[in-house]
Amino acid sequence: MQHIETLIKEKLNSDIRFVEGLNACMNCGICTAICPAAEFYDYDPRTMLTIVQSGNLQKIRELLESDTIWYCGQCMSCKTRCPRHNCPGLVISVLRKISQETGAFTQSRMGRQQYLLRKGLGNALLNIGYSLHPSFIKPADHPEQGPVWQWIFENASEIYKTVGANLDEEGPGVLRKIDKEAMTEFRAIFEETGCLELFRLIDQYSSIKALELGITNEANQPDMDQYLHFIENEQETSY
Amino acid sequence: MNEFAHLVSRPSRQIDYQTFDNRLLAYVLRYEPSFLTCMSCGGCTATCSAGKLTDFNIRRIGLMLRRGQTDKLAAEIDKCMFCGKCSLVCPRDVNIRNVVLLIKKESTRLHAENQKV
Amino acid sequence: MEKEQKHVAVIGAGIAGLHTANLLAQSGHKVTILEKEKYPGGHLNQWHHLFPDHSSPEWIISGLLDEQLQFDHLKMISSTEITSIEKNNGHFAINAGNELRIYADAVVISTGFKLFDARQKEEYGYGLFKNVITSADLEQSLKSGQPLTTASGKTPSRVAFIHCIGSRDAKCGNTYCSKVCCITGVKQALEISEMLPETEIFCFYMDLRLYGSKFDDLYLQAQKKHKIQFIRGRLSEAAETHDKRLQIKAEDTLSGRPLRMEVDMIVLLAGMEKNEAHQMFSSTKLLELDEHGFFKSKNIQLTRNETTQPGIFIAGTCICPMSVNETIENAGAASILVNRYLEHQQLTNHHE
Amino acid sequence: MNEKLFVIPFVAGMALLFIILIVKGYKWISSLSKIDRLRLINALKSRRILQSAKDIFMECLIHRRIFKKNMVLGYMHMSLAFGWFLLIVVGHLEAFVAEKSLAVPFYLPIFFRFFETGKEFAGSKIFAALMDLLLLFVLSGVVLAWSKRFYKRLFGMRRTTRLQYGDQIAMTALWLIFPLRLLAESATAHQFNNGSFITQTAGSLFFNSNTASTLALPLWAAYSLALGSFFVALPYSRYMHIPTEMLFIIFKNAGIKLKKRTNSFTELAIYSCSRCGICLDNCQLNNAGIKNTQSVYVLKSIRNKNIDDEQLFNCLLCGKCQVDCPVGIDLTSLRITQRIESTLQYNASYAYLENQATTKAGLIYFAGCMTHLTPRIIQSMQHLFELAGEDYWFLDKEKAPCCGRPLMLAGQYDAAAKLIRNNTTQIIASGAKKLVVSCPICYKVFKEDYQLPGVEVLFHAEYILRLMNAGLLKTAPLQKRIIYHDPCELGRGSGMYEIPREVVKNSGQLIRIKNEQEHSLCCGGSLGNLKISQAERNLIRDSAINEYLSYQPEYLVTACPLCKKTFARNRNMVVMDLAELVLEASDEFIKRKKLKGNKVTNIRELETLIQS
């Protein structure tokens, strides 16, 4: 326990976003006033910054294990308003990263969804170079898109052509197929910047959580498909 | 039709002074004008005997009252034990015990009134 | 027309009294300063450093006293307490101890303030728990040059400053703001932090009233450089633990949660109160007092230093709480009004 | 026309009054609880009925309690009540003797002179003289009653009650009855020479033969009308207290008490209030300019069913009003009952109170909520327990529910009961034999409303005195002039006056003052009042402080954290709790011993020194 808190302290202080993002907050609350997330969620950037500023590692740890840090939309509206040049949005980015690195994210519902994102968006990026692709929006899964989408989906190559896109084809243009060379370079960036390591950590901590929750297969190994299903359907307790 | 999570509208957390329910506040201020002078220092909450046993926060109750967030007040105020320590530490001499009594009384009446409607 | 030399009595040899006296002497008036203590300087003698520049108060006092030396017609009588003042034909007769009687054409009262007696707030344990001290006690300790320790001689690992003790508190009868305590707390917190960098420091405040020039810089510095934490909430009570630490309870009003903390030392930022001397002037109906017991100005906007009694002037913290630089400014303003009064008197006398 | 018909107003009024009284009396008795009815029956059968008769005679006729308060006021009430009573009794005797029969029409003795014109009978002169004397006695009361409206101070009162319509009618009728009787009898006396020294003289003074014969009947009719009006107005006026008080005394002597909920005894108590207004002057709210919430007004409002919270809750519940109440109504309990009734709809459940951990100990110290704001008291108590070598558990050191008394004072009885249940469980589970409290507010509720079998509830003064008597605590009286302030909940509330004074006497120079014991002042801080503003509280506090300062004390010692906190702001005398005083006196003892050459550093060493 003590170890994790020391680790959090080290990680916080060595991250440039934290050093730049928190410049002695005086609790004026302008960040909360502008924050779009604060209007709807039990989330308040001012309070969050006060906790981080207090240096109380136990409280910071609770923050890392809570839903709170995942409500931020990273719009950075806060940055432009703070009278002390703070940026709660940046501080949150650091907290999120530490939460991922320490596995704290698996302790909250919103945090656990990191696995969902890593599997969905993360894998898509690594495989085709797009986080989101029209082919992902299967009409069966998205009835809310209605019959028009069904028609677009079935006649994709022709319809995208009419709006000037270059869907899944070689050469330039919107929605083009990313070529092999670019993909190699792209993966190298992910490797170098530590994103892949982060993916690996998310996978690892999520399997531990699955085990902890008893989501396992016959061989007593974590059943990650079932875990995905579980976190997809986890309900928000109340708002 | 299926229900889609992202289509469910979420109530805003914003305090909306346009749709302000001031009935309870007006009643409290009529009979206990000293409540006007509260500056939310939190001395009352810090000293509160009930606050040591549960999450009762008398300062916040006052604030909720002044912001028209009255729906949960009646249930919250029931945690008060009336010991009077709060009135004894208040730097603005707010008669807090009477504020509590007035909230209890009027919210009971308002509740009964709403039931009738 | 030759100017007749007028005599001004200045009551109280704090910085307000000394500065007014010097300026009046410079204008050519005969000046007598009456001081009840043995030495001049008043409260400043007890202060270690002044805000916002951490300068030493000693040079202010010694500077003012050095200046005195150039005026033969200025004298100071110390260890003398005033017993009464009477007004006769526009002149004043001042009776002091030792059967001393002084006649003056004008009187300047600069009797200063009294520090709030923190024992009145029993729940904070001053005078009961050894590690509860006031800002004045801390200032003395800092002045001594000794490292700050708890009563048992240990280095405090955590210190809490409590704002608004005896100010803005109807429960002790003082509903006004003493104005300088917030910045005093910030200044002292910085000084402790510089002396003991490992010590955690918390300030519990109701509102931070850092009104003066460069005061907010100290606040920023305290937060940024010294990691001093400011918690918005009023302390309800302090209790001593078995190992003589202090447990304090407050509400962190910004997060809306009750807060409990053990500290090694509590510093109560005691406010300024009316001096008991004020009663003597008001009981004889010579002067009026305001609702807080300070001297009432003739006009709060225009003539802050004139009392309701022509010929009697006020300077410094006997009017209201002030910082050192404000007191000096105020003393200057007082001397101008006294000059104007005496000149006018001269003219009317001449015409008669 | 039969001239006898003039008695009709009297007869009708009397009949109406009797019907009302019988109906009311039946209602009050029949709606008593079963156990109270048994009490009443037992009391009627036992000697207690004699006690009641004596009390009724002493209080309803002689007005002993009012005499104690003020002689003139007492005489006024006695002359009216006892004088009228004697007029009726002697009048009846006179009629019986004159008619030589007990079967006389019941109006006859009332209008005797009208009917018996000039008939001589055994002792007729003596009767006439006696009746005149009694009439004079009553009239003197009427004159005083008139003058009381203008010269209140003669009667030791600063304020009297305001009147209602019913009161005004009844009072006017009452004031007219006896002067009219005098005039009617004088007129008849002038005609028939059947009067005595007063009526005969007045007759020749006011009438000639002409006017006497024409005015006699109208005057007798007016007298009858005045009587009838009084009887009709009586149930709707404060004079209802006359019949009610008798029943109230019988009920009270039967051991019937006010309950937490309103019952017929409550109503009886309310109707027994004569609105004499004696309670008004005792009330310290006067010092704060609060003039309409005193007991007499609250009782009136309850009776008129127009009581509101602003009136009901604006009372310190200090109990000063009931000390001098001539009827002996338990005004504080009555007001609390009314508060309970008015807040029934909103009592809290305290669902958050769960089983807290208990500690096994021989003695429990319960400081109470307020005491946490006066840490000197806590420190002193802890010191005392250490001195006594107690194995104690400081129950509310960190956190604990309130004792329940403040809720009780606010009328939240059901809510208080929940706290009481919770605390009882904890105390019993600890196995403690003693419970020591240093707050009178807690003390009262622990004593009265907790069921703690096997646990002795002690107020700290009692506990300290025991330590002193057992030689465990040695003090040397300080050379200080000390006033002891009786806290309301301890003094009038729990009847403890002498024990704390004994403790003070062992620790310093106790000054006796005028307003002490049951007449002691309230500090103004009382939790009983939920409506009073702090500024008004300060006025009450300051007037008390000024009174104390006039005795030039050095210490003001009290035994209540709330009183201490309330008085603490004065800067002219030291305010302290009994426990603090005792410790100072104990230090003084050690200091004096040291001066005699013994090297003592703490009291334990001192003990061994003394023993050896």
Side-chain angles (χ1 to χ4, degrees), chain B residues 24 27-28 30-38 43-44 46-58 61 73-113 115, chain D residues 308-310 313-314 339 342-354 356 368-374 396 398-412 415-416 418-419 422 439 441-442 525-538 561-562 565-566 568:
Chain B
L24 197 53
Y27 179 82
V28 170
R30 191 169 131 214
Y31 291 105
E32 195 50 70
S34 71
F35 179 59
L36 273 173
T37 63
C38 168
C44 46
T47 203
C48 179
S49 290
K52 292 191 181 80
L53 297 162
T54 183
D55 58 355
F56 181 61
N57 184 328
I58 180 72
I61 282 183
L73 273 190
E76 262 315 288
I77 204 81
D78 258 1
K79 295 174 182 165
C80 165
M81 301 196 291
F82 259 86
C83 74
K85 264 180 102 184
C86 49
S87 303
L88 231 61
V89 302
C90 178
R92 282 284 174 90
D93 282 346
V94 178
N95 187 357
I96 305 171
R97 281 176 91 221
N98 193 31
V99 172
V100 174
L101 187 77
L102 292 170
I103 294 177
K104 280 185 175 222
K105 191 182 171 76
E106 182 66 359
S107 53
T108 308
R109 196 192 65 79
L110 286 174
H111 182 71
E113 197 180 273
Q115 294 294 88
Chain D
D308 68 6
D309 282 4
E310 297 306 305
F313 286 88
N314 198 342
R339 288 183 180 185
S342 83
T343 63
L344 274 180
Q345 284 172 304
Y346 39 91
N347 267 274
S349 63
Y350 304 115
Y352 58 81
L353 292 177
E354 282 157 21
Q356 282 110 15
C369 301
M370 292 298 164
T371 314
H372 285 274
L373 294 173
T374 51
D396 58 341
E398 283 298 319
K399 52 183 177 182
C402 168
C403 63
R405 179 72 184 158
L407 274 167
M408 208 85 93
L409 292 169
Q412 298 264 291
K418 302 227 167 65
L419 297 186
N422 177 83
C439 169
I441 305 168
C442 305
S526 166
L527 287 176
N529 197 325
L530 283 99
K531 296 291 174 184
I532 190 170
S533 74
Q534 190 65 45
E536 291 165 328
R537 282 188 194 278
N538 292 351
L562 188 51
K565 200 99 189 80
T566 309

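For the numbers below, each heavy atom of this structure counts, side chains included, while hydrogens, waters and symmetry mates do not. In what follows, chains are A, B, ... by sequence order, proteins preceding strands, each numbered from 1. Note that the structure is predicted; figures quoted are calculated from it, not measured.
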Subject >> When B/Ser107, B/Pro33, B/Cys80 are compared by non-hydrogen pairs under 4.5 Å with chain D, the top option >> reply: B/Cys80
Subject >> Pairs satisfying salt bridge (Lys or Arg N to Asp or Glu O under 4.0 Å), at least one member in residues 86-99 of chain B, at least two apart >> reply: B/Asp93-C/Lys171
**OP:** Would you name the heavy atoms of D/Ala400 and B/Met81 that are closest together and state the gap between them?
**Re:** O-CE, 4.3 Å
**OP:** Below 4.5 Å from any heavy atom of chain D, which atoms of B/Thr47 appear? Answer side chain, backbone, both or neither.
**Re:** side chain
Original post:
Between atom CG of B/Asn95 and atom CG of D/Asn529, what is the distance when rounded to the nearest 0.5 Å?
Top reply: 8.0 Å
Original post:
Tell me, side chain or backbone of D/Glu398 under 4.5 Å from chain B's heavy atoms, or both, or neither?
Top reply: backbone
Subject >> chain D contact via B/Ile96 - side chain, backbone, both or neither, heavy atoms under 4.5 Å >> reply: neither
Original post:
Which bit of D/Asn347 comes within less than 4.5 Å of chain B, counting heavy atoms only: side chain, backbone, both or neither?
Top reply: backbone
Original post:
If you measure from CG on B/Asn98 to CD on D/Glu310, what distance do you get to the nearest 0.5 Å?
Top reply: 6.5 Å
Subject >> Toward chain B, the part of D/Leu419 with a non-hydrogen atom under 4.5 Å >> reply: side chain
Subject >> chain D contact via B/Ala50 - side chain, backbone, both or neither, heavy atoms under 4.5 Å >> reply: both
Original post:
Does D/Tyr352 reach the main-chain N or O of B/Lys79 with its side chain, forming a donor-acceptor pair under 3.5 Å?
Top reply: yes
Original post:
How far does CZ of B/Phe82 sit from CG of D/Leu530, to the nearest 0.5 angstrom?
Top reply: 6.0 Å
**OP:** Count the heavy atoms belonging to other residues, nucleotides or ligands that lie under 6.0 Å from CD of D/Gln345, then report whether that count exceeds 12.
**Re:** no
Subject >> Contacting moiety of D/Ala416, where chain B heavy atoms sit under 4.5 Å >> reply: neither
Subject >> Approximate separation, where rounding is to 0.5 Å, of D/Tyr346 OH and B/Asp78 CG >> reply: 11.5 Å
Original post:
Do B/Leu88 and D/Leu562 have side chains that get closer than 4.5 Å, going by heavy atoms?
Top reply: yes
Subject >> pair D/Leu353-B/Leu53: side-chain heavy atoms closer than 4.5 Å >> reply: yes
Subject >> Contacting moiety of B/Cys90, where chain D heavy atoms sit under 4.5 Å >> reply: neither
Original post:
Hey, what do you get for NZ (B/Lys52) to NE2 (D/His372), rounding to the nearest 0.5 Å?
Top reply: 7.0 Å
**OP:** Flag the one option from D/Ala410, D/Pro401, D/Gly404 with the top tally of heavy-atom pairs under 4.5 Å to chain B.
**Re:** D/Pro401
Subject >> Atom group of B/Ser34 that falls short of 4.5 Å from chain D, counting heavy atoms >> reply: neither
Original post:
Distance from B/Lys85 atom NZ to D/Cys402 atom SG, nearest 0.5 Å?
Top reply: 10.5 Å
Original post:
Do D/Lys565 and B/Val89 touch side chain to side chain, with heavy atoms closer than 4.5 Å?
Top reply: no
